[in-house]
Amino acid sequence: MNLHLPSVYKILPDVALALSKGTGVVALESAVITHGLPRPVNRELADELEIIIRENGITPATMALIDGKISVGITRDELIALANNEQTVKVSSRMIGIAVAQNLSGGTTVAATLVAAHTAGIQVFATGGIGGVHRGQAFDISADLDELARRPVIVVCAGAKAILDLPATLEALETRGVPVLGYQTEDFPAFYSRSSGLKVDMSIDSPEQAAQIARAHWEAGNHSAVLVCNPLPEDKALDPQKINQAIEKAISEAETRGISGSALTPFLLEKVGKISKGESLQANLTLLKNNARLAARIAACMAKPHLHTY
Ligand code: PSU
Ligand code: MN
């Protein structure tokens with residue numbers, strides 16, 4: 001474990017303690033706070049995710065860029081300031097150095113969060129949905145996929161965001177050597193709905209199984225992430241047909257307006273929210289909390305506090 005982090009990093013004392021004692025840490029991304037959710041639910045949600053993780057006996061580490069420091073865990077004041085700030089940058093892996101050099105604050109995407117989590121020695125990370133290959137824009141491939149290929153971290157998600165080309169995204173994960181596990185499901189979830197019609201590599205029944213598979217994956221010599229897909233519960237999932245109509249509308253509007261690059265995902269999420277009259281937002285919040293809970297349970301299985309009994 002590398003607790004002597006490079007000077008571009010800053011780590012919260014309780015996160016450093018949990019890492020050195022091996023009691024379990026879950027990393028959280030912050031692009032969802034700065035660019036994925038509307039204010040003020042973004043801050044409420046960010047708070048709730050940390051509370052859920054703590055309730056499960058695990059230390060949360062919300063990752064973010066704060067005044068040019070890559071922050072492994074942020075204070076409540078920093079979290080509030082980040083959530084309220086409308087001028088933050090969306091920090092993907094390629095943007096980390098640029099943000100540091102300019103003393104910027106911003107939300108880290110799955111890609112950037114993976115870089116920081118791996119460097120800090122955090123093995124479990126919860127997010128909503130990973131980025132992937134955009135529909136109709138086969139060249140717009142999220143950097144999330146390439147970081148998943150080289151960061152040995154368990155990533156708990158509700159699949160890839162439904163605004164994406166899911167078959168192409170699943171293929172890209174296969175190419176990059178990322179095992180895709182389904183938590184109590186055989187199906188690759190479609191974020192807002194429980195199934196994309198595509199299959200995962202294996203269905204698992206328990207958090208222990210996720211931990212066991214990840215350990216074997218890394219002990220074998222792999223360096224890639226392990227994706228744990230956690231579908232929304234039946235009663236909270238949205239009707240795939242209905243939500244797909246909203247997504248298609250949003251995509252065609254993005255095309256008309258010429259929206260692309262890193263602005264595309266936030267634009268689509270917001271549009272789908274408006275078209276679905278908030279239904280997609282509710283589902284998004286529920287799945288984020290659901291994933292934080294499962295990630296904490298997996299982190300408990302990865303924790304090795306017995307090494308530190310006195
Ligand atoms: N999942 C959500 N909301 C989000 C995102 C994921 O529920 O806002 C963010 C994540 O941070 C993810 C990013 O890494 O969108 C992907 O953006 P892009 O497609 O530009 O790589
Ligand atoms: Mn992109």
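Whatever order the structure lists ligands and atoms in, that order sets their numbers, starting from 1. Please read these numbers as outputs of a predicted model, since none were measured by experiment. Along the sequence shown, residues carry numbers from 1.
No donor-acceptor contact under 3.5 angstrom links the side chains of Thr108 and Glu29, judged on distance only. Asn230 and Asn291 are linked by a side-chain donor-acceptor pair at a separation below 3.5 angstrom, with hydrogens and angles left out of the test. Residues His217 and Ser224 bring a donor and an acceptor atom of their side chains to less than 3.5 Å of each other.
The N/O atoms of Phe191, backbone and side chain alike, include none that comes under 3.5 Å of an N/O atom in ligand 1. Checked by distance only, ligand 1 and Thr108 stay at 3.5 Å or farther apart across all their nitrogen or oxygen atoms. For ligand 1, the polar-atom distance check against Ser262 finds no nitrogen or oxygen pair separated by under 3.5 Å. Note: an N/O pair closer than 3.5 Å links Thr265 and ligand 1 by distance alone. Among the atoms of Glu29, some N or O lies under 3.5 angstrom from an N or O of ligand 1. Polar contact check, Ser142 against ligand 1: a nitrogen or oxygen pair lies under 3.5 Å apart.
Surrounding CZ of Arg94 are at most 12 heavy atoms belonging to other residues, nucleotides or ligands under 6.0 Å away.
Nearest protein neighbour of atom 4 (C) of ligand 1, counting heavy atoms only, is Leu269 CD1, 3.6 Å. Remark: minimum distance from atom 12 (C) of ligand 1 to any protein heavy atom is reached at Asp144 OD2, 3.4 Å. If you check which protein heavy atom lies closest to atom 20 (O) of ligand 1, you get Lys90 NZ, 2.8 Å. Atom 6 (C) of ligand 1 has as its closest protein heavy atom Gly129 O, 3.1 Å. Nearest protein neighbour of atom 5 (C) of ligand 1, counting heavy atoms only, is Lys161 NZ, 3.8 Å. Atom 8 (O) of ligand 1 has Gly36 CA, 3.2 Å as its closest protein atom, hydrogens excluded (heavy atom only).
Less than 4.0 angstrom separates some heavy atom of His134 from each of these atoms of ligand 1: 19 (O).
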Please walk me through it: do Asp187 and Lys199 pass salt bridge (Lys or Arg N to Asp or Glu O under 4.0 Å)? CA-CA 5 Å; Asp187 293 347; Lys199 295 291 169 207; 2.5 Å; yes
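For the residue pair Ala46 and Ile33, the shortest heavy atom distance occurs at CB-CD1, 3.5 Å. When all heavy atoms of Ile58 and Ala296 are compared, the closest pair comes out as CG1-O, 3.4 Å.
For Asn284, every heavy-atom contact with ligand 1 shorter than 4.0 Å involves the side chain, none the backbone. If you look at Val110 next to ligand 1, the close heavy atoms, those under 4.0 Å, come from the backbone and the side chain alike.
With hydrogens and angles disregarded, no donor-acceptor distance shorter than 3.5 Å links the side chain of Thr127 to the backbone of Ile130. Judged by distance alone, with hydrogens and angles left aside, the side-chain atoms of Thr185 form no donor-acceptor pair with the main-chain N or O of Gly182 at under 3.5 Å. Checking side-chain atoms of Gln102 against main-chain N and O of Ala99 turns up no donor-acceptor pair under 3.5 Å.
Using a 4.0 Å heavy-atom cutoff, Ser92 is absent from the residues neighbouring ligand 1.
Within Asp140, the N, O or S atom at minimum distance from the Mn ion (ligand 2) carries the name OD1.
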